[in-house]
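What follows is a short report on a single structure.
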Protein chains: 2
Amino acid sequence: MITLNDVAKKANVSKMTVSRVINHPEQVRPELREMILNVMTQLDYHPNAAARALVGRRTRVVKLTIFEDMDTTEPYYMMLLAGIANELNQHQYALQIATRNSYEVGECDGYILTGIRQADYAWVERLNQPVVFVGSNRQGYDYVDTNNYQAVWESTRYAAEQGYTHLVFIGIAIAEPFELDRERGFREYVTTHHISAQIIRLANHSHVATAYVKSHWSGFPRNTAFICASDRLAIGVETAIINQGGRVPIEYGIIGFDGVLLNQIAAKRLTTMKQPLEAMGRAAARLLLANINHTDRSRGRHDQEKIIINSRLSVAESTR
Amino acid sequence: MITLNDVAKKANVSKMTVSRVINHPEQVRPELREMILNVMTQLDYHPNAAARALVGRRTRVVKLTIFEDMDTTEPYYMMLLAGIANELNQHQYALQIATRNSYEVGECDGYILTGIRQADYAWVERLNQPVVFVGSNRQGYDYVDTNNYQAVWESTRYAAEQGYTHLVFIGIAIAEPFELDRERGFREYVTTHHISAQIIRLANHSHVATAYVKSHWSGFPRNTAFICASDRLAIGVETAIINQGGRVPIEYGIIGFDGVLLNQIAAKRLTTMKQPLEAMGRAAARLLLANINHTDRSRGRHDQEKIIINSRLSVAESTR
DNA sequence: CTGTTAGCGCGTTCAA
DNA sequence: TTGAACGCGCTAACAG
């Protein structure tokens, strides 16, 4: 293992000078700095994270806490995770995964939280450490989120532009901000453009959507497009349409939300709004790291910071 | 922050004694040990991972490398992950997630590897660090795996015992050990018990299964049960049966494999072979930790160790 | 069985 | 601008 000392000897300086090249490069004469950097790459030197953690009173560990049953979890989190992990790795930080039942063990420098419900906020409050949410919140914590409004607005526009003349938004029956934003995206587009439209709210299960579409089939003329708030709903809609003898995408269009796994089950590959999950993960990690470094210097809460990331429509076979 | 010293002072012993209570409890007089343990809980003492890492020449980080595209990944990994993370947390280890593109950054004490293909073994070889696989391998590395043979054997038995008289195994068309074991489980059961049966191998997509069952419908008499090697295939089979007017589970039975998410899409909740993913994750972590501690003392490779975990049939609505 | 000493690799503080 | 000394929290090795 190469240490600071090894580099120092080879470069004929004290180890402090080498340390400064890493932490306060501006305090070292440029030529000397260059030389030392050279030696460092030559020796393939990597600072020892444990030693830095020890002296810096940092753990160099970030915890990701997922407040949701893993059982029913979508692949969603896996991609988010990848983004977070990648970003943290680059900064010599390790990620620790904490689930509902194990979230007290070990120390860390900060938390990334997701899937939170109202009841969990008390716990968050007591953490007293830097925190970043994935998904919006109204209690003033920093967060990263997708632009739900924009996503559905664009899905709707796409459907309209493809010539579907009746638009149906199938939402999730839950009064959370993310859902309200999605509905708003739909409503604003169809209102502005005077398009025949309706909004339906269902429990987020495919068979519920299937049953609904089946029993209201006469209300969906040809040339209807369904903009769905989740892929589960989209799959359910597709099943119903096919069972009723409707043709996708010629007579009916379907747009899902965040299609990852479920596409492998749909008869036609779903046109779907893709959330940039990897990017969201990276953003959350970066935001948290910034908070950690900031908190070090100045105590006290800063203003809520929000990072909103746009989604992209991935066009496939369920729309024309 | 509570340190060893704080505990030592309060307990009127040297900090070495406290340290021993943690690392070599057998070297401390039982009553003294008890007393110190008390003080430790009283003070809510937690050893500082960084300091231990520093002196122990360990990073206290384990890397999980998933050699597979996250895009198409099943929720599978998420649960595995939870198991690994929980176990590592208990041992003051942090988990780092490495994906295909980021697997060189940072140091660690060992690797948990999964989703590996033939081409990746060269990379594994060069690691030169303790390694544990999730999923079997023939190159002599330790691994944790489900008992694929047992799982399908029991599914098959269950179907037979429920009175389905014709059994069909829908396998995945791929010559990997896991698939061969599953087929073997099916074959041995039906052969031993002289049951009318057939084996079919398909690409692992639900629509492929749907198409196959549809076009061979006349070959599947009433009272047939389909034992499927994946839930995707099971869902596809179910769709076909329903489209053909067959009734589940009265006339036809379906058993899936490892139903996590997909159940939310099936018309009838699938009867499915549940892999104990959390347990597998924990087992993998424990095995790796053992290897890490072992390698510390004695250099050189030991015999391949295998941990095979049985699955459990979760009976739901797609069988009687 | 228990305590003392020394040092892991690094960064802060102070002195040069 | 650079260096020397000290200590972060912990444990291995030795001494008692």
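Computed from a predicted structure; not experimentally measured. Within every chain, numbering begins at 1; the chains are lettered A, B, ... in the order of the sequence lines, protein sequences first and strands thereafter. Computed from heavy atoms alone, side chains included, the values below leave out hydrogens, waters and symmetry copies.
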- Message: If I take atom CG from residue B:Leu113 and atom CG from residue B:Asn137, how far apart are they, to the nearest 0.5 angstrom?
- Response: 9.5 Å
- So, with a heavy-atom separation below 4.0 Å from DNA chain D, the residues of residues 29-37 of chain A are A:Arg29, A:Leu32
- Note on the structure: From CE of A:Met16 across to P of D:dA5 the rounded distance in Å is 14 Å
- Message: What's the separation between atom CD1 in B:Ile84 and atom CZ in B:Arg282, rounded to the nearest 0.5 Å?
- Response: 11.0 Å
What nitrogen or oxygen pairs link the protein and nucleotides 7-10 of chain D at under 3.5 Å?
from: D:dC10; atom 1: OP1; to: B:Tyr45; atom 2: OH; distance (Å): 2.6
from: D:dC10; atom 1: OP1; to: B:Asn48; atom 2: N; distance (Å): 3.1
from: D:dC10; atom 1: OP2; to: B:Leu4; atom 2: N; distance (Å): 2.4
from: D:dC10; atom 1: N4; to: B:Lys15; atom 2: NZ; distance (Å): 2.7

- Does a side chain donor of either A:Asn86 or A:Glu278 reach within less than 3.5 Å of an acceptor in the other side chain? yes
- Note the angle between the end axes of the helix from C:dC1-D:dG16 to C:dA16-D:dT1, five pairs defining each, rounded to 10 degrees. 40°
- Message: For a quick check under 3.5 Å, do B:Asn293 and B:Arg58 share a side-chain donor-acceptor pair by atom type?
- Response: yes
- Message: If the cut-off is 4.0 Å, is A:His24 near the phosphate of C:dT12, judged by side-chain N/O to OP1 or OP2?
- Response: yes
- Look at the side chain of B:Gln304 and the backbone N and O of B:Tyr141, then say whether any donor-acceptor pair between them is shorter than 3.5 Å. yes
- Query: Hey, is the main chain of A:Glu87 close enough, under 3.5 Å, to the side chain of A:Arg286 for a donor-acceptor pair?
  - Reply: no
- A:Thr59 side chain to A:Asp109 backbone, donor-acceptor under 3.5 Å: yes
- Message: Tell me if a side-chain donor or acceptor on A:Asp181 pairs with a main-chain N or O of A:Asn147 at a distance below 3.5 Å.
- Response: no
- Shortest non-hydrogen separation from A:Leu54 to B:Ala51 and the atoms involved: CD1-CB, 3.7 Å
- Query: Within the side chain of B:Arg33, is there an N or O that forms a donor-acceptor pair under 3.5 Å with the backbone of B:Val28?
  - Reply: yes
- A:Arg58 CZ - C:dT12 C1' separation (whole Å): 14 Å
- Message: Is there a side-chain contact between A:Thr17 and the phosphate of D:dT2, meaning an N or O under 4.0 Å from OP1 or OP2?
- Response: no
- Message: Between B:Asp142 (side chain only) and B:Glu305 (backbone N and O only), is there a donor and an acceptor less than 3.5 Å apart?
- Response: yes
- Item | Spacing between A:Arg20 atom CZ and C:dT12 atom P, to the nearest angstrom | 10 Å
